[in-house]
Amino acid sequence: MCMRSSQYLLSTLRETPAEAEIISHQLMMRAGMIRREASGMYTYLPTGVRVLRKVEAIVREEMNKAGAIEVLMPMVQPAELWQESGRWEKMDAELLRFKDRHQRDFVLGPTHEEVITDLVRKEISSYKQLPLNLYQIQTKFRDERRPRFGVMRAREFLMKDAYSFHLSQECLEKTYQAMYTAYCNIFTRLGLEFRPVQADTGAIGGAVSHEFHVLASSGEDAIVFSDASDYAANIEKAEALAPTTPRPAATQAVAEVATPNAGSIAEVSALLNVAASQIVKTLLVHAAVADDHTGPQPLVALLLRGDHELNEVKAEKTAGVKSPLTFASDAEIKAVTGASAGSIGPVGLACRVIVDRSAAVLADFICGANKDGVHLTGVNFDRDVTNYEVADLRNVVEGDPSPCGKGSLVIKRGIEVGHIFQLGERYAAAMKAGVLNEEGKHQIMTMGCYGVGVSRIVAAAIEQNHDEFGITWPEAIAPFQVALVPMNMHKSVRIQETAEQLYRDLQAAGIDVMFDDRKERPGVMFADWELLGVPHQIVIGERNLDNQQVEYKNRRSGEKELLDIAGLVDWLKSRVK
RNA sequence: CGGUGAUUAGCGCAGCUUGGUAGCGCACUUGGUUUGGGUCCAAGGGGUCGCAAGUUCGAAUCUUGCAUCACCGACCA
């Protein structure tokens, strides 16, 4: 895929568009890879498409190698399938719905479990046809409430999604493992620094799940690692172990202390000159209720140490807590406690109380008094707060003991670029997707699903590979492998001839070369190819031509050397890929 | 969806406080100049000032409504 710049749409920008906040978004705009069409929707310009296609090609090769078979499903899907799986009601506005001219309901596919399950139940009827792993690389649409960071969190995006079908858990696990390996191969080949981590299964359901994260400080997810084992998990999933030290005995009596205008933990901590870890915060959330529940919404109190953060995934998985997690309104808090949010506490509270494991070992702690502007000191569990339960509710923090039992936890940021799930029978059962087994009996299939965020990978790769001049692509996904940059070609016949000859030779050698034949000043050309991040640059100039040489520059290392034109093509061939 | 802010030429911005019919840099066109790191000079083209209504002799500027976009939060395979 060779190209002359004069016949190409380079569209680089000298200035950074105001809307782009993170570096990958800025560089994708500046390098002429994408343009925004609407919030969360982007046009890919030629350079963007090139990178996208290279990522796709690697994903496709590794999927094929792992035994998956490519299909292509419609992006627009009939509502009936979603009603059948139950997600028509379960998913909210993220699922974009619309009607066709016959007033029939459709959705823009945010994922394809329903369509693939429908396909497989129609096409597959015998256990002999299993296992089966089908994938596609296709555009998805999720009507995100807050699209941001360019293609990192777009509403329309490109994804590889695969779905496997089995008759036994054992068989599913085998494919799951094969996908795990394939994903490691994909991200390794892409040249990214990544980590597979244990993950929460979220709304999609299922038992076992791993996410693949590209490590980057701009990542939206917090990933925790053990410093002494290979344990790694999304913070949503990482268990905070119960403290091993027992709770000290109470030494103080309960006393009221005036805390006017001190609502937050930080304010109370400063006012009373007490560490945040000795204060307990009380969060009121909606309790789970039966569908036919009437009357006021019952609440549940969640208690955490002042210096700890609520883990919402853990909270909403706790029995009796409404899912999705819903915080009580100010009015609801007032009705139950008689105070506003900054001054509430568990003492004498008329609702169910769940205490985080770490908060549960505090003695003589401070909490709100359920009276505005008043806190209590010297509060103790069992003596002052009875009728409570203990659960793991908080996010782990750096230095916590690892749940694997070895070492302590380190926290890093990650960008989720892959996610694999053991789904089980959830969709197959809801949609009655089964086959005849060896005994001739109808049996529901068990499923796995495996996603790779293709367009997100492009942004993640830039987050991990850039410098002050622009993008420093990993070799495997650079839009071009080599940039041929002649100096003042229009003034020098021999430069032009050399450049044209090299262009032909590199093309013949199968190298992805961009020939910059624009009538531009050298500085403009250099700046563009550095912005674009082409890994290998060949500069042809008068002063080296006398020795039949050209200058080579490596984009990532900055290394420059003079090379004889004679051996150049072979030399480059051994360097690229 | 809540909070905050923005919207003036393709991009980045000034002008608005104090109303008088729009400007700068980059980009683009033409001519010259320069030529191994975003040249310099000159001349040009390009704007319903987000939309709608109101106030006014007169609105980019003041008022109201709406839309879009962004950020923070919530949300999230």
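First the proteins, then the strands, lettered A, B, ... as listed; each starts at 1. Note that the structure is a prediction, hence the values are computed from the model and not measured.
- B/A67 and B/C24 have their C1' atoms separated by 29 Å, given to the nearest Å.
- If you take atom P in B/G25 and the same atom in B/A70, they sit 30 Å apart, rounded to whole Å.
- For A/Tyr8 and A/Phe480, the ring centers sit closer than 6.0 Å to each other.
- Contact annotation for A/Ala527: base contact, defined as any heavy-atom pair under 4.0 Å involving a base atom.
- Minimum atom distance to the side chain of A/Val539 is reached by B/G36, of the listed B/C76, B/G37, B/G36.
- Side chain of A/Phe526, nearest nucleotide from B/C11, B/G37, B/G73: B/G37.
- Separation of the C1' atoms belonging to B/A6 and B/A14 is 15 Å when rounded to the nearest angstrom.
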Does the pair A/His210 and A/Tyr176 meet the rule for a side chain to side chain contact (heavy atoms under 4.5 Å, CB included), with working shown? CA-CA 10 Å; A/His210 285 84; A/Tyr176 185 85; 2.7 Å; yes

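- If you check every strand for non-hydrogen atoms under 4.0 Å, A/Arg36 touches sugar and phosphate atoms only.
- Counting only heavy atoms from C-beta on, A/Arg521 has its side chain closest to B/U39 among B/G37, B/U39, B/C72.
- Taking atom C1' on both nucleotides, B/G37 is separated from B/G50 by 40 Å, rounded to a whole Å.
- With hydrogens and angles ignored, no donor-acceptor pair under 3.5 angstrom links the side chain of A/Arg14 to the base of B/C11.
- Both tests pass for A/Lys412 against the ring of A/Phe225: distance under 6.0 Å to the centre and angle within 45° of the axis.
- Pair assignment for B/C40 gives B/G32, based on Watson-Crick or G-U wobble hydrogen-bonding distances that are each under 3.5 Å.
- Within the nucleic acid shown, A/Phe212 has no heavy atom closer than 4.0 Å to any nucleic acid atom.
- Salt-bridge annotation for A/Lys140 and A/Glu156: absent, with no side-chain N of the basic residue lying under 4.0 Å from a carboxylate O of the acidic one.
- Scanning all heavy atoms of the two residues, the minimum distance from A/Glu56 to A/Val454 falls at CG-CG1, 4.2 Å.
- At a threshold of 4.0 angstrom between heavy atoms, the contacts of A/His112 include nucleobase atoms, whether or not backbone atoms are also involved.
- As judged by a 4.0 angstrom heavy-atom cut-off over every strand, A/Glu236 is placed among residues making no nucleic acid contact.
- Closest to the side chain of A/Glu312, out of B/C26, B/C69, B/A74, is B/A74.
- Residue A/Asp528 is in base contact, counting any heavy-atom pair closer than 4.0 Å across all strands shown.
- Comparing B/C13, B/G37, B/U39 against the side chain of A/Ala18 picks out B/C13 as the nearest.
- Set against B/G36, B/C11, B/C75, the side chain of A/Arg148 has B/C75 as its closest nucleotide.
- Between A/His419 and A/Phe421, the angle of the ring planes stays under 30°, which puts this pair in the parallel group of the 30/60° scheme.
- Close to B/G12, at under 4.0 Å from its OP1 or OP2, lies no side-chain N or O of A/Thr16.
- Taking atom C1' on both nucleotides, B/A52 is separated from B/G38 by 43 Å, rounded to a whole Å.
- The cationic group of A/Arg97 does not satisfy the cation-pi geometry with A/Trp82, failing either the under 6.0 Å distance to the six-membered ring centre or the 45° limit from the ring axis.
- Taking the C1' atoms as reference points, B/A9 lies 12 Å from B/C26, given to the whole Å.
- Here, B/G5 and B/U64 have their P atoms 14 Å apart, quoted to the whole Å.
- Residue contacts for A/Lys519: at a heavy-atom cut-off of 4.0 Å it reaches no nucleic acid atom on any strand shown.
- Of the nucleotides present, none pairs with B/A59 by Watson-Crick or G-U wobble criteria with both distances under 3.5 Å.
- Rounded to whole angstrom, the span from the CG atom of A/Leu531 across to the C1' atom of B/G38 amounts to 11 Å.
- Contact annotation for A/Glu416: backbone-only contact, meaning every heavy-atom pair under 4.0 Å involves sugar-phosphate atoms and none involves a base.
- A/Glu21 comes within contact range of the sugar-phosphate backbone alone, with a heavy-atom separation under 4.0 Å but no base atom that close.
- Taking atom C1' in both B/C62 and B/U17, the straight-line distance is 11 Å, to the nearest Å.
- If you check every strand for non-hydrogen atoms under 4.0 Å, A/Gly451 touches nothing.
- The side chain of A/Val524 sits closest to B/G38 out of B/G73, B/G37, B/G38.
- Proximity note for A/Pro522 (side chain, C-beta onward) versus B/C69, B/G36, B/C11: the nearest is B/G36.
- Note on A/Met525: nothing from the nucleic acid sits closer than 4.0 angstrom, heavy atoms only.
- Closest approach of A/Ala315 and A/Leu393 over heavy atoms only: CA-CD2, 4.2 Å.
- B/G73: Watson-Crick or G-U partner is B/C1, with both key distances under 3.5 Å.
- You'll find that the side chain of A/Asn488 is closest to B/U35, out of B/C69, B/C71, B/U35.
- Among the heavy atoms of the strands lying under 4.0 Å from A/Asn544 is at least one base atom, whether or not backbone atoms are also near.
- Atom P of nucleotide B/G2 and atom CZ of A/Phe327 are separated by 18 Å, given to the nearest angstrom.
- Taking a pair to require two hydrogen-bonding distances under 3.5 Å in either a Watson-Crick or a G-U wobble arrangement, B/A27 remains unpaired.
- Side-chain nitrogen and oxygen atoms of A/Arg145 include none within less than 4.0 Å of the OP1 or OP2 phosphate oxygen of B/C1.
- Counting distance only, with no hydrogens placed and no angle test, the side-chain atoms of A/Glu542 and the base atoms of B/G36 include no donor-acceptor pair under 3.5 Å.
- For a distance-only test at 3.5 Å, the side chain of A/Glu520 fails to qualify as a donor-acceptor partner of the base of B/G38.
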